[in-house]
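Following: one structure in structure tokens, then a few remarks.
Note on naming: letters A, B, ... go to the chains in the order of the sequence lines (proteins, then strands), and numbering restarts at 1 for each one. What you see is a predicted model; the values in this text were computed from it and never measured.
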Amino acid sequence: MSDQIEQSVGDQSAENSVDIHHLEQQRRENRDAVIALGLLPYGERADDLLTLAGAHNLYASQADEQYKETNQAQRQAKRDNPDISEADLPELIDNRARVRVAGRVMLHRDNGKLIWLNLRDHTRDTFQIAVSKRDCDEAGFKLAKLLDGGDIVIAEGPLTKTNTGEITCWADTLIPASKCLVPPPEKHAGLQDTERRYRQRYMDMWSNPETTRVLLLRSKIMSAMRRYLERNDFVEVETPVLQTQAGGAAARPFLTHMNALSLDLSLRIAPELYLKRLLVGGIPRVFEVSRNFRNEGLDKSHNPEFTSLEVYQAFGNYETMMELTEGLIRELAELAASELDNDTSAMPFGDLKIDFASSFERVTYSQLFEKALGFSIDETEKARAECEKRGYKTKSKDGTPIDDIFIINELFEEVAEGMIDPAKPTFVLDYPASLSPLTRPKQGTENDVVPLADRWDIFIGGMEIGPAYTELNDPDIQAEKFLEQLSGVDAEESTFRTFDEDFVNALKVGMPPAGGLGLGMDRIVMLLSNQRSIRDVLPFPMMKPQA
RNA sequence: GGGAGAGUAGCUCAAUCGGUAGAGCAUCGGCCUUUUAAGCCGCAGGUUCAGAGUUCAAGUCUCUGCUCUCCUACCA
């Protein structure tokens with residue numbers, strides 16, 4: 001048995017060595033040569049490293065000039081009198097900042113006895129290192145000769161300016177930190193192949209520093225969001241991702257199975273119903289940064305797993321949520337603007353300049369509908385006729401007419417949403433109640449043709465960023481709404497609509513009146529980082545596996 | 001689901017009417033102590049996504065498959 005294993009391993013490695021590309025083979029040889037110098041090609045712990053930007057900022061021209069002058073004077077003295085004693089030499093004053101930095105080799109210019117490296121890290125696209133035969137230790141200089149693009153090195157030395165004025169670390173030591181065995185992308189164009197950029201993000205990130213900048217901005221946005229909520233006394237909680245019923249939204253879930261309990265489970269499509277249970281339990285202000293999973297299509301603004309922020313505030317309502325949301329988004333925009341050197345009143349997003357500085361627009365669903373269609377949402381016959389005229393679906397697959405409210409909403413989504421100025425963040429208020437089963441019905445509209453609910457949606461840059469409600473906390477109405485959702489849908493649809501009995505029980509125990517909010521954080525990051533695709537704000541977007 | 005486009009050297013890209021697959025960068029060898037995409041000299045590098053077909057001849061035309069991109073559809 002063990003013989004067989006050895007045999008197969010042996011075969012495999014022989015096979016591999018044949019398959020290794022000559023560019024990788026060359027890099028392996030360079031790595032072996034580094035080992036032969038007595039250096040560790042994969043490095044070890046290094047403390048007190050400066051970032052490249054931090055090192056760059058330490059340059060002090062006065063100290064550099066003083067060093068250059070005194071060094072020049074010393075040389076001149078030696079030229080004037082080659083036999084001059086050390087004691088008689090003019091004093092050499094070197095107060096230049098010394099830096100110790102690490103980075104990936106982006107450019108490598110070998111001038112013979114002087115080698116120039118351009119390093120990159122997450123703080124600077126380029127930082128120059130000079131490795132001279134005279135001034136660097138011997139192993140470091142030999143290492144510099146053996147470097148390949150993409151290698152990671154640690155350099156240490158004083159900061160100086162070159163003749164052409166570039167701040168440079170004039171290395172006296174250089175040690176390896178990691179070998180790059182894979183040939184890097186073209187040094188200027190960077191990695192252009194979109195497929196490889198997403199599949200091998202680790203390559204894209206250092207080849208195209210913009211990718212890293214967006215991901216770092218995302219992190220800062222998420223962090224600022226938490227600070228804002230914590231400042232407002234919200235507490236962060238974590239609720240189940242594995243759920244027996246995927247509730248809180250209507251979407252097709254991903255299914256999985258738990259062996260220990262022989263249980264079919266769904267990955268959550270929203271955390272809503274669990275967060276409200278916490279309100280029942282007595283935590284008055286909660287939020288969760290929730291990775292949600294929806295088994296549906298992919299496009300520029302949809303990834304099967306995405307990040308939402310959900311917030312619930314006891315004794316609030318949907319207006320409370322509007323104030324909270326406007327404050328939050330503006331604060332995040334201010335952060336992004338300062339990072340990217342933009343103006344919050346004109347944040348670039350594609351061709352748009354979005355104004356996050358002014359008060360957000362507010363318009364009701366019915367106002368917007370009437371403005372766009374020329375008649376009221378109560379005129380359902382006109383709506384049906386309009387829908388037919390435009391060729392929208394008015395009947396379901398089995399031929400039965402679609403409910404009035406879906407006709408209205410079809411027109412709203414197709415026509416009225418387009419009326420919203422994408423450059424102005426806009427709250428659309430008071431949605432039809434039957435579209436919002438978890439929302440408290442709007443007082444006084446119960447008997448209207450289209451009863452409304454205390455719900456708004458916010459639109460920015462042509463995208464729906466998220467809804468908020470005055471939460472429905474009457475258990476009887478909630479139970480009714482669940483049943484309403486389950487009736488009149490076909491078998492396929494009903495598989496992803498649920499009646500959560502325990503949630504109704506929680507409401508029976510008593511949930512305080514509350515405002516609730518859900519925001520698509522990926523989309524907010526898109527808006528604030530000027531990325532038109534959700535894939536560009538996710539480190540690892542969903543990709544079909546390669547054949 | 002539907003439509004359009006793309007896939008060529010390690011990378012970025014060319015290749016006219018179907019007629020010897022090229023360049024730049026990177027690599028390799030040589031020279032070079034202030035370069036900025038360093039420079040100069042020289043070498044090498046290809047299953048043109050995969051498979052089938054048409055043809056004297058296919059990167060190019062046809063078909064099938066794979067992957068990606070864009071548009072569209074679906075999506076509380």
Side-chain angles (χ1 to χ4, degrees), chain A residues 20-27 29-30 68 105-118 126-136 141 144 148-150 160-168 170 180-200 203-204 207-208 247-252 269-270 272 292 294-304 306 392-393 405-406 409-410 412-414 431-439 453 455 457 464 466-467 469 481 485 489 492-493 496-497 518 532-533 535 541 543-547:
Chain A
I20 289 173
H21 191 275
H22 73 274
L23 291 172
E24 179 179 336
Q25 191 54 47
Q26 182 58 48
R27 283 164 179 262
E29 283 163 22
N30 289 343
K68 284 173 180 165
V105 176
M106 302 308 296
L107 296 171
H108 182 236
R109 297 183 292 279
D110 185 344
N111 286 24
K113 295 192 180 67
L114 178 61
I115 298 160
W116 303 94
L117 304 175
N118 283 74
T126 183
F127 180 82
Q128 184 163 268
I129 310 287
V131 186
S132 109
K133 187 167 170 52
R134 182 190 358 145
D135 298 317
C136 192
F141 180 74
D148 290 304
T160 186
K161 249 186 193 171
T162 61
N163 293 346
T164 51
E166 179 156 354
I167 295 170
T168 298
W170 201 269
C180 176
L181 292 174
V182 177
E186 211 275 340
K187 62 189 181 188
H188 256 117
L191 183 60
Q192 293 299 312
D193 182 70
T194 48
E195 182 175 357
R196 195 163 159 211
R197 285 188 54 216
Y198 293 138
R199 289 192 195 279
Q200 301 185 14
M203 185 77 99
D204 178 38
S207 177
N208 300 316
R252 185 168 286 105
I269 55 175
E272 174 157 356
N292 298 333
R294 297 187 182 178
N295 203 343
E296 288 166 1
L298 294 78
D299 64 28
K300 274 202 300 190
S301 56
H302 294 86
N303 195 67
F306 65 98
Y392 302 153
K393 203 170 70 169
I405 191 56
F406 294 116
N409 200 48
E410 177 78 2
F412 181 84
E413 289 183 355
E414 293 293 329
Y431 274 65
S434 51
L435 298 172
S436 304
L438 300 167
T439 310
R455 166 191 171 150
D457 262 43
E464 187 187 344
Y469 322 138
K481 294 250 171 203
Q485 289 294 300
V489 295
E492 195 200 359
E493 288 240 302
F496 53 90
R497 289 172 196 247
R532 304 309 306 274
S533 170
R535 319 190 112 204
M543 295 291 280
K544 212 170 184 176
Q546 281 166 309

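- Under a 3.5 Å cut-off, the side chain of A:N208 and the backbone N or O of A:L191 do form a donor-acceptor pair.
- Here A:I115 lies out of heavy-atom contact (under 4.0 Å) with every strand.
- Across all strands shown, A:P437 has heavy atoms under 4.0 Å from base atoms, whether or not it also approaches the sugar-phosphate.
- The partner of B:C61 is B:G53, by the rule that a Watson-Crick or G-U pair needs both atom distances under 3.5 Å.
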Check: protein-nucleotides 2-5 of chain B nitrogen or oxygen pairs below 3.5 Å:
none

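- Side-chain atoms of A:H302 come within donor-acceptor range of the base of B:C75, with a qualifying N/O pair under 3.5 Å.
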Identify each atom pair where a protein N or O and an N or O of nucleotides 68-72 of chain B are less than 3.5 Å apart, giving names and distance.
| residue | atom | partner | partner atom | Å |
| --- | --- | --- | --- | --- |
| B:C68 | OP1 | A:K544 | N | 3.3 |
| B:C68 | O4' | A:E195 | OE1 | 3.1 |
| B:C68 | O2' | A:T194 | OG1 | 3.2 |
| B:U69 | OP1 | A:R535 | NH1 | 2.4 |
| B:C71 | OP1 | A:K300 | NZ | 3.1 |

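- A gap of 7 Å separates the C1' atoms of B:A23 and B:A14, to the nearest Å.
- In terms of the salt bridge (Lys or Arg N to Asp or Glu O under 4.0 Å) criterion, residue partners of A:E24 (sequence neighbours excluded) are, by chain and number, A:R28.
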Between N or O atoms, less than 3.5 Å apart, protein on one side and nucleotides 7-11 of chain B on the other: list the pairs.
| residue | atom | partner | partner atom | Å |
| --- | --- | --- | --- | --- |
| B:G10 | OP1 | A:H21 | NE2 | 2.7 |
| B:C11 | O2' | A:E186 | N | 2.5 |

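- In this structure, A:D110 places its CG atom 10 Å from P of B:U27, rounding to the nearest Å.
- Comparing B:G29 with B:C68, their P atoms are spaced 39 Å from each other, to the whole Å.
- Base contact: A:Q128 has a heavy atom under 4.0 Å from a base atom.
- Heavy-atom distances to RNA chain B give each of A:L435 and A:G112 a nearest nucleotide, and the one nearer the 5′ end belongs to A:G112.
- Atom NE2 of A:H108 and atom P of B:C25 are 17 Å apart (whole Å).
- Annotated as syn: B:C17, whose O4'-C1'-N torsion sits within 90° of 0.
- There is a side-chain donor-acceptor pair under 3.5 Å between A:E413 and A:N409.
- Nucleotides B:U62 and B:G39 place their P atoms 42 Å apart, quoted to the nearest Å.
- Counting heavy-atom neighbours within 6.0 Å of A:K544 NZ, excluding the residue itself, gives a total of 12 or less.
- In this structure, the side-chain contact (heavy atoms from CB on, under 4.5 Å) partners of A:P467, at least two apart in sequence or on a different chain, are A:R455, A:D457, A:Y469.
- Atom CZ of A:R109 and atom P of B:U35 are 10 Å apart (whole Å).
- Under the 4.5 Å side-chain criterion, counting only non-hydrogen atoms from C-beta, A:I115 is in contact with A:H108.
- With P as the reference atom, B:A26 and B:A37 are 12 Å apart, rounded to whole Å.
- If you take NE2 of A:H188 and C1' of B:A37, they are 4 Å apart, rounded to a whole angstrom.
- Using a 4.0 Å heavy-atom distance criterion, A:N30 is classed as a sugar-phosphate-only contact.
- When rounded to the nearest whole Å, the span between CG of A:L107 and P of B:U27 equals 11 Å.
- Here the separation of B:C13 from B:G53, taken at their P atoms, is 33 Å to the nearest Å.
- With both pairing distances under 3.5 Å, B:C13 is matched to B:G22 as a Watson-Crick or G-U wobble pair.
- Residues meeting the side-chain contact (heavy atoms from CB on, under 4.5 Å) test with A:E410, sequence neighbours left out: A:C387, A:Y392, A:E414.
- Straight-line distance between the P atoms of B:U64 and B:G2: roughly 13 Å, to the nearest whole Å.
- Distance CG (A:L117) to C1' (B:A38): 13 Å, rounded to an integer number of Å.
- Between B:G7 and B:C75, the two P atoms lie 34 Å apart (nearest whole Å).
- With a cut-off of 3.5 Å on both Watson-Crick or G-U wobble distances, the partner of B:G5 is given as B:C68.
- Checked against side-chain hydrogen bond (donor to acceptor under 3.5 Å, both in side chains), A:W170 has the following partners two or more places apart in sequence or in another chain: A:D135.
- Listed by chain and residue number, A:R199 satisfy the salt bridge (Lys or Arg N to Asp or Glu O under 4.0 Å) test with A:E195 (two or more places apart in sequence, or in another chain).
- Distance CG (A:D148) to P (B:C28): 6 Å, rounded to an integer number of Å.
- In this structure A:K133 satisfies the side-chain contact (heavy atoms from CB on, under 4.5 Å) test together with A:K113, A:F141, sequence neighbours excluded.
- Here A:Y431 pairs with A:Y365, A:F412 under the ring pair (Phe, Tyr, Trp, His ring centres under 6.0 Å) rule; sequence neighbours left out.
- Proximity of A:L117 to A:F127: side-chain heavy atoms (C-beta onward) are nowhere separated by under 4.5 Å.
- Using the Watson-Crick or G-U wobble rule with both distances under 3.5 Å, B:C32 pairs with nothing in any strand shown.
- Using the Watson-Crick or G-U wobble rule with both distances under 3.5 Å, B:U47 pairs with nothing in any strand shown.
- Annotation: side-chain hydrogen bond (donor to acceptor under 3.5 Å, both in side chains) contacts of A:Q192 (sequence neighbours excluded): none.
- Look at CG on A:N111: it is 8 Å from P on B:U35, rounded to the nearest Å.
- The side-chain contact (heavy atoms from CB on, under 4.5 Å) check on A:P183 picks up A:L23, with sequence neighbours excluded.
- Atom name P, nucleotides B:U54 and B:G59: the rounded distance is 16 Å, in whole Å.
- In this structure, A:D135 reaches neither bases nor backbone, as no heavy-atom distance under 4.0 Å exists between it and the strands shown.
- Put simply, A:Q26 has no side-chain N or O that comes within less than 4.0 Å of OP1 or OP2 on B:U27.
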